[in-house]
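The figures that follow rest on heavy atoms only: side chains count, while hydrogens, waters and symmetry mates do not.
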Amino acid sequence: MSVRVRMAPSPTGYLHVGGVRTFLFNWLFARHEGGEFRLRIENTDTSREVAEAVDQIQDSLRWLGLDWDGEVTFQLDRMDDCRRVADQLLAEGKAYEDEGAIRFRMPDGGTTGWDDVVRGRVEVPNETIEDLVLVRSDGRPTYNFASPMEDVWDGITHVIRAEDHISNTPKQINIIRAIGAALPVYAHVPNVNGADGKKLSKRHGDTGVEEFRKAGYLPDALINFLALLGWAPDGETTIMSRDELVRRFTLERVSPSPAQFDYAKLDWMNGMYLRALPPDDFAHRLILWLGEQGYAWDAELVRKAAPLVQEKIARLGEFPDYARFLFEDVEASVDGGAEVVAAARDALEELEPFTAQAIEAALRGVVEGLGLKPRQGFQPIRVAVTGSTISPGLFESIELLGRETTLRRLSVAAA
RNA sequence: GCCCCCAUCGACUAGCGGUCCAGGUCGCGGCCCUUUCAAGGCCGUAGCGCGGGUUCGAAUCCCGCUGGGGGCACCA
């Protein structure tokens, strides 16, 4: 039998990385099994719906490369079907009216249980489950009714969701049983926590997918990092391509315990991905990213500057601080060493050709001539030319900057 | 309060009774390289929450405790 899973975001806000990790596990499972992966928007709470959220969610998923099969479906479209089922349950005495709403009659004694793929057997005493509202007094079905109904109608074989749904599961199981349908397999994956050990949410700052895109993370790196939150193929492998992830993913190896989101490790991993990019590809992504972020910097110059920073940055968002001096005027800043700066200016004035190699030879001559150590000699020049104590390679930077601008900055600093 | 889930280095994890005086990765510290910052190389730091069992043998199985988390809406 073929596998079919779904991701079911509610359009109440933007997609955040905790949710993405859960969707990723669904996606990896579906692709690994050669099954289907559906996108269903759970919008039964019209009052909390945010207008652009549906588009935003799809944009984020596309950016991440989590492609879904078939058309996007909306829970609200099944309102009438839900009502029909509710009426039937009413007629059968399995539900009852309560102040205009329809409530489901939960079993009295015993327990409701299931074999969770990541947690093993889970049992809940039925007396602790209250009769839940299936249909609100205004006629709209509730999430805990519509969701399992849609799972049944769509032929969902595996419900893979985060652990905060564990307490909903026995309710949904009883509803599915009441209509005589087959139960899906359940897998409750662990939550993703913030640094405070609490479930990741808006309160933890920039956890929306769009924020990661803005910061300059690569989708593949984010996916690789997220896959390792609660899952590992073995104890050794950390960097894995999408294909490898798909090939090796199994639900059985998903851990039941929550994982903490660690930006330091993400940054390291993103740096690995950035450095592994072919230089042209790296430059291309940099140009696209700068465009998205509203920088009007010359693409050709960015292309030339890209190799100078490729192994220095962990996020594309670090590029502007490294390379701003190539595109904008810098604050005239002096870090002592007026003498070496002046000598550097003189040495570069007539230098031919004006290439990194020649520049390096010339400046090394200047520094040695003054009896300075490389570190002492080059730093004032760096500060004069780039406006910062941290920069890409000095000689390549000067070549890119060009003679005219370089001489002007050196003159200002030497004055 | 009630129900449920979880528990290996600071973090992510490997480990499914002996091959573990616990391995990998990030972080952190040191050294090397070096024009800054990175990158890279080498070395190091640090952990099985506690108490009972079971067993010849327990990080691994069972029970309790403690600690953490999630859920208890006409929200999803």
Side-chain angles (χ1 to χ4, degrees), chain A residues 8-13 41-45 47-49 75 98-103 116 118-120 122-130 132-147 161-171 188 190-191 193 195 197-199 225 227-239 252-253 255-269 271-272 274-275 309-314 318 321-322 335 360 363-364 367 372-383 386 388-395 397:
Chain A
S10 62
T12 52
I41 306 292
E42 305 209 314
N43 59 343
T44 49
D45 183 13
S47 65
R48 291 207 306 159
E49 188 159 345
Q75 198 157 68
D98 177 31
E99 302 203 34
I102 300 174
R103 276 185 191 276
D116 198 285
V118 335
R119 275 150 223 280
V122 180
E123 301 256 6
V124 179
N126 286 328
E127 59 188 324
T128 65
I129 310 172
E130 73 170 62
L132 70 92
V133 171
L134 299 175
V135 180
R136 299 176 173 92
S137 51
D138 68 3
R140 285 149 49 225
T142 59
Y143 159 80
N144 266 315
F145 180 39
S147 185
R161 56 183 19 166
E163 65 178 308
D164 38 308
H165 283 287
I166 290 177
S167 57
N168 287 325
T169 303
K171 302 173 189 172
H188 288 92
N191 278 331
N193 294 158
K198 302 259 205 298
K199 188 174 70 157
F225 173 77
L228 259 15
L229 253 32
W231 175 80
D234 53 51
E236 318 294 311
T237 320
T238 36
I239 302 290
E252 285 69 26
R253 285 194 67 86
S255 156
S257 64
Q260 195 169 301
F261 195 97
D262 180 9
Y263 283 89
K265 187 164 185 176
L266 206 214
D267 280 4
W268 165 78
M269 191 173 281
M272 293 287 284
L274 247 23
R275 273 170 259 130
V309 298
Q310 185 165 7
E311 58 174 36
K312 293 183 184 296
I313 64 177
E318 291 176 56
D321 279 347
Y322 265 94
D335 185 20
E360 173 165 8
L363 293 185
R364 281 195 190 282
V367 168
L372 296 171
K373 290 188 171 160
R375 188 191 189 91
Q376 301 169 307
F378 292 131
Q379 200 64 349
I381 302 173
R382 179 192 315 284
V383 170
T386 70
S388 169
T389 54
I390 299 169
S391 80
L394 182 57
F395 318 120
S397 293

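- When the C1' atom is compared between B:A38 and B:A76, the two are found 44 Å apart, to the nearest whole Å.
- Counting only heavy atoms from C-beta on, A:Pro374 has its side chain closest to B:U35 among B:U35, B:G71, B:C74.
- To the nearest 0.5 Å, atom OG1 of residue A:Thr12 and atom CZ of residue A:Arg48 are 5.0 Å apart.
- Distance from the side chain of A:Pro258 is smallest to B:C6 among B:A14, B:G10, B:C6.
- A:Leu228 places its CG atom 13 Å from the P atom of B:U25, with the value rounded to the nearest Å.
- In this structure the side chain of A:Arg103 reaches within 4.5 angstrom of the side chain of A:Glu130, judged on heavy atoms.
- Listed nucleotides: B:C12, B:G24, B:C26. Nearest to the side chain of A:Glu236: B:G24.
- Residue contacts for A:Ile166: at a heavy-atom cut-off of 4.0 Å it reaches the sugar-phosphate backbone alone, with no base atom in range.
- Whole-Å rounding puts the A:Lys199 NZ to B:G69 P distance at 13 Å.
- Separating the C1' atom of B:A46 from that of B:U8 is a span of 12 Å, rounded to the nearest Å.
- Checking side-chain atoms of A:Ser147 against main-chain N and O of A:Asn144 turns up no donor-acceptor pair under 3.5 Å.
- With hydrogens and angles ignored, a donor-acceptor pair under 3.5 angstrom links the side chain of A:Lys265 to the base of B:U25.
- The closest side-chain heavy-atom distance from A:Ile166 to A:Arg119 is below 4.5 Å.
- Across all strands shown, A:Gly271 has no heavy atoms under 4.0 Å from either base or sugar-phosphate atoms.
- Comparing B:C5, B:A73, B:C26 by their nearest atom to the side chain of A:Glu163 picks out B:C5.
- With P as the reference atom, B:C16 and B:C75 are 48 Å apart, rounded to whole Å.
- What separates CD of A:Gln310 from C1' of B:C37 is a distance of 16 Å, to the nearest Å.
- If you take atom P in B:G41 and the same atom in B:C63, they sit 46 Å apart, rounded to whole Å.
- A:Thr44 comes within 4.0 angstrom of sugar-phosphate atoms only, judged by non-hydrogen atoms across all strands, and of no base.
- Between B:U34 and A:Arg375, no contact under 4.0 Å exists linking OP1 or OP2 to a side-chain N or O.
- Straight-line distance from the CG atom of A:Asp267 to the C1' atom of B:C26: 11 Å, rounded to whole Å.
- Here the C1' atom of nucleotide B:G70 and the NZ atom of A:Lys171 are 12 Å apart, to the nearest Å.
- Within 4.0 Å of A:Ala259, counting heavy atoms only, lie sugar-phosphate atoms of the nucleic acid but no base atom.
- As a whole-Å value, the separation of A:Ile390 CD1 from B:C37 C1' is 5 Å.
- In this structure, A:His165 forms an aromatic stack with the base of B:A76, since both conditions hold: centre separation below 5.5 Å and plane angle below 30°.
- The nucleotide whose nearest atom lies closest to any side-chain atom of A:Leu394 is, among B:U35, B:U36, B:C74, B:U35.
- For B:G47 and B:G24, the P atoms lie 15 Å apart once the distance is rounded to whole Å.
- Residue A:Asp98 is in base contact, counting any heavy-atom pair closer than 4.0 Å across all strands shown.
- A:Thr44 and A:Arg140 share no side-chain donor-acceptor pair at under 3.5 Å.
- Residue contacts shown for A:Pro125 are limited to sugar-phosphate atoms, with no base heavy atom under 4.0 Å away.
- With distances taken from any side-chain atom of A:Gln379 to the nucleotides B:A76, B:U36, B:C74, the minimum falls on B:U36.
- To the nearest angstrom, P of B:C72 lies 9 Å from CG of A:Asn144.
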Polar pairs (N or O, both sides) under 3.5 Å between protein and nucleotides 38-41 of chain B?
from, atom 1, to, atom 2, distance (Å)
B:A38, O2', A:Glu311, O, 3.0
B:A38, O2', A:Lys312, O, 3.0
B:A39, O4', A:Glu311, O, 3.3
B:A39, O3', A:Arg275, NH1, 3.1
B:G40, OP1, A:Arg275, NH1, 3.3

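- Annotation: B:A58 and B:C21 have their C1' atoms spaced 15 Å apart (nearest Å).
- No salt bridge links A:Arg136 with A:Asp138; every basic N to acidic carboxylate O contact stays at or beyond 4.0 Å.
- Within 4.0 Å (heavy atoms only), A:Asn168 reaches at least one base atom of the nucleic acid.
- Between A:Phe261 and A:Phe225, the two ring planes are perpendicular [angle over 60°; tilted spans 30° to 60°].
- At a threshold of 4.0 angstrom between heavy atoms, the contacts of A:Ser137 include nucleobase atoms, whether or not backbone atoms are also involved.
- Across all strands shown, B:U25 pairs with B:A11; the Watson-Crick or G-U wobble distances both stay below 3.5 Å.
- Rounded to a whole angstrom, the distance from the C1' atom of B:U45 to that of B:G23 is 16 Å.
- Counting non-hydrogen atoms under 4.0 angstrom, A:Phe395 reaches a base of the nucleic acid.
- For the pair A:Pro392/A:Tyr322, a side-chain contact is recorded, criterion being any heavy-atom separation below 4.5 Å from C-beta on.
- Backbone-only contact: A:Arg119 has heavy atoms under 4.0 Å from sugar-phosphate atoms and none from a base.
- The A:Glu130 side chain lies nearest to B:C72 when the options are B:G23, B:C37, B:C72.
- Across all strands, A:Glu99 comes closer than 4.0 Å to base atoms (heavy-atom distances).
- For B:G1, the paired nucleotide is B:C72, the pair qualifying as Watson-Crick or G-U wobble because both relevant distances are below 3.5 Å.
- Of the candidates B:U35, B:C74, B:C12, the closest approach to any side-chain atom of A:Leu229 belongs to B:C12.
- For the pair A:Arg140 and B:C74, the criterion of a side-chain N or O lying under 4.0 Å from OP1 or OP2 is not met.
- Separation of atoms NZ (A:Lys312) and OG (A:Ser391) is listed at 7.5 Å; rounding is to 0.5 Å.
- In this structure, A:Ser257 reaches the sugar-phosphate backbone alone: every heavy-atom distance under 4.0 Å involves primed, P, OP1 or OP2 atoms, never a base.
- Counting heavy atoms of neighbouring residues, nucleotides and ligands inside a 6.0 Å radius, atom CD of A:Glu252 exceeds 12 of them.
- Using the Watson-Crick or G-U wobble rule with both distances under 3.5 Å, B:A46 pairs with nothing in any strand shown.
- Remark: P of B:G70 and CD of A:Gln260 are 13 Å apart, rounded to the nearest angstrom.
- Across the C1' atoms, B:A39 and B:C32 are found 14 Å apart, a figure rounded to whole Å.
- With contacts defined as side-chain heavy-atom distances shorter than 4.5 Å, the pair A:Pro233/A:Trp231 qualifies.
- A:Arg48 comes within 4.0 angstrom of a base, heavy atoms only.
- Heavy atoms of A:Arg161 sit nowhere under 4.0 angstrom from any nucleic acid atom.
- Pair assignment for B:G40: B:C32, on the basis of Watson-Crick or G-U wobble contacts that are both within less than 3.5 Å.
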